[in-house]
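Below is one structure, written out as structure tokens; the observations come after it.
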Amino acid sequence: PGPPPEVTRHPDNRVCADCGERDPRWASVNLGVFICETCAGVHRDLGTHITKVKSTKLDEWKPEMIATAKAIGNRRSNAFYEYNVPEGVKYIGNVKSAGGDKIEEKEAKKLRTWIKAKYDEKRFAPPGVDEPSKRLARGESLDDAGGSSATGGGGAGGGQGGGAENGQGRREKREKSEKRSRDRSRKSRKDRTESPGFSIGGGDAAGGFEVADKSSPATEEGAKARKHKKRDRSRKRSAANSETQGSPLDSPEGQQWGADVFAGHWGADAAAGAAGAAVVAPHTGVAGAGPVAGHSGHDA
């Protein structure tokens with residue numbers, strides 16, 4: 001035997017829980033809802049780990065199945081599974097069978113999407129709350145999660161208004177939260193710009209910090225001054241190196257070599273050659289043979 005008439009004929013269960021079709025003759029015994037033949041086919045596709053389908057007329061029901069259907073029913077089930085249905089998402093269509101449980105493919109796709117989102121994904125259920133069957137097993141009240149009044153009564157038709165109202169309430173809360181966030185952000189920026197010790201581009205007599213403009217004349221002058229200092233340091237290093245190294249002909253050996261060169265090419269004595277080397281060395285900074293040869297016409 002199936003469920004007793006007081007369960008199947010209860011006002012909450014007179015229409016399909018999913019599509020609103022009148023006089024449903026099938027049920028999901030673990031979910032405790034009554035559904036039409038077409039929706040029963042979609043429930044079977046979801047798998048028995050989600051929903052277990054039986055006929056109210058042809059199949060045998062165990063006592064616990066009857067107890068579940070009696071305790072839950074379409075109204076309490078939809079109060080949970082349709083707790084927050086956005087406007088335009090709930091399935092509204094015509095699923096009257098046209099030869100068995102076949103309906104138009106486009107309509108069937110819409111129905112499958114709706115039932116899968118509702119029971120498999122639990123997309124519209126209240127967050128952090130277990131489904132009615134689990135709460136029933138723990139002996140909890142089934143009217144607490146969102147309240148059965150949140151979606152109204154009457155099977156599938158009850159969830160639409162409540163879902164829209166809850167959706168609107170959440171939108172209002174979100175808008176208020178975003179407005180508070182924007183107000184805090186504006187106040188924070190205002191406090192930073194008005195606080196002592198903060199200035200942009202102008203300095204502060206109270207000892208604050210200053211954000212200088214990189215394109216200001218003062219900055220450009222500073223860059224030029226640094227460039228000049230760097231060039232002066234380079235010149236000083238070059239002069240210091242020259243003083244340290246000296247001329248090749250400053251040493252006694254260099255002067256003797258220059259003397260020999262002058263003496264060899266000019267026919268002068270060593271003393272005259274030394275004097276010539278002393279004259280050439282500061283100007284050439286190199287060995288005297290090359291310059292002497294160039295001026296005298298002799299080979300180096």
Side-chain angles (χ1 to χ4, degrees), residues 3 7-8 10-22 24-54 56 64-65 67-93 95 108-138 140-170:
V7 178
T8 57
H10 192 280
D12 292 350
N13 305 325
R14 296 299 296 273
V15 298
C16 175
D18 296 330
C19 71
E21 183 72 12
R22 290 182 175 275
R25 298 186 180 184
W26 295 80
S28 172
V29 294
N30 63 309
L31 298 178
V33 296
F34 294 87
I35 53 181
C36 69
E37 183 179 7
T38 304
C39 292
V42 180
H43 275 251
R44 289 193 189 96
D45 292 339
L46 294 180
T48 56
H49 63 292
I50 296 175
T51 174
K52 299 176 182 178
V53 178
K54 284 187 175 295
T56 60
E64 59 267 25
M65 296 177 182
T68 298
K70 186 176 181 179
I72 300 176
N74 289 2
R75 178 177 62 84
R76 288 192 175 97
S77 175
N78 282 344
F80 175 82
Y81 289 105
E82 297 183 13
Y83 177 76
N84 180 33
V85 181
E87 187 176 356
V89 174
K90 182 178 175 65
Y91 175 80
I92 300 176
V95 297
K109 184 177 180 180
K110 289 168 54 179
L111 184 62
R112 286 194 297 268
T113 300
W114 162 247
I115 293 177
K116 178 178 175 62
K118 182 177 175 180
Y119 297 108
D120 186 7
E121 301 171 2
K122 299 182 182 65
R123 192 182 301 174
F124 317 117
V129 181
D130 288 333
E131 52 264 40
S133 58
K134 290 184 178 180
R135 302 206 312 277
L136 178 65
R138 295 197 296 261
E140 300 176 6
S141 171
L142 301 183
D143 292 331
D144 292 344
S148 60
S149 60
T151 57
Q160 182 72 11
E165 291 175 3
N166 282 279
Q168 183 179 0
R170 272 201 311 278

Item to complete: Using a cut-off of 6.0 Å, state whether more than 12 heavy atoms not belonging to Lys52 lie near its atom NZ.
Response: no

Going through the checks in order, is the side chain to side chain contact (heavy atoms under 4.5 Å, CB included) test met by Asn78 and Lys118? CA-CA 9 Å; Asn78 282 344; Lys118 182 177 175 180; 2.8 Å; yes

Taken to the nearest 0.5 Å, the spacing of Arg76 CZ from Ser133 OG works out to 14.0 Å

(request) Indicate yes or no: does Arg25 engage Glu37 in a salt bridge with an N to O separation below 4.0 Å. (result) no

Across all chains, not counting sequence neighbours, the side-chain contact (heavy atoms from CB on, under 4.5 Å) partners of Lys110 are Tyr91, Glu107

Hits for side chain to side chain donor-acceptor pair (under 3.5 Å) against Asp120, two or more places apart or cross-chain, chain-then-number order -> Lys116

*Is there a side-chain contact between Ile35 and Glu21, using heavy atoms and a 4.5 Å cut-off?*
no

Nearest heavy-atom approach of Cys36 to Cys19 is SG-SG, 3.6 Å

Given Cys39 and Ile115, is the side chain to side chain contact (heavy atoms under 4.5 Å, CB included) satisfied, shown in steps?
CA-CA 8 Å; Cys39 292; Ile115 293 177; 4.0 Å; yes

In terms of heavy-atom contacts, Arg135 and Phe80 come closest through NH1-CD1, 3.9 Å

*Would Trp26 and Lys54 count as a side chain to side chain contact (heavy atoms under 4.5 Å, CB included) if you check the C-alpha gap in whole Å, the side-chain angles of each, and the deciding distance to 0.1 Å?*
CA-CA 6 Å; Trp26 295 80; Lys54 284 187 175 295; 5.8 Å; no

Hey, is the main chain of Val42 close enough, under 3.5 Å, to the side chain of Arg112 for a donor-acceptor pair? no

When every non-hydrogen atom of Tyr81 is compared with those of Glu131, the smallest separation belongs to OH-CB, 3.3 Å

For Tyr119, the side chain to side chain donor-acceptor pair (under 3.5 Å) test, sequence neighbours excluded, returns Asp18

Residue set satisfying side-chain contact (heavy atoms from CB on, under 4.5 Å) with Thr51, at least two apart, ordered chain then number -> Ser28, Asn30, Leu31, His43, Leu46, Val53

Checking Leu142, Asn13, Asp12 against Arg75 for side-chain contact (heavy atoms from CB on, under 4.5 Å), the one that qualifies is Asp12

Residues passing the side-chain contact (heavy atoms from CB on, under 4.5 Å) test with Arg123, sequence neighbours excluded, are Ala117, Glu121

Value for CZ (Arg44) from CD1 (Ile50), rounded to nearest 0.5 Å, stands at 15.0 Å

(Q) Donor-acceptor check, side chain of Ser77 to backbone of Val33, threshold 3.5 angstrom: yes or no? (A) no

Here the gap from Thr8 atom OG1 to His10 atom NE2, rounded to the nearest 0.5 Å, amounts to 11.0 Å

Contacts of Arg22 meeting side-chain contact (heavy atoms from CB on, under 4.5 Å) (sequence neighbours excluded), chain-then-number -> Val15

Residue set satisfying side chain to side chain donor-acceptor pair (under 3.5 Å) with Arg14, at least two apart, ordered chain then number -> none

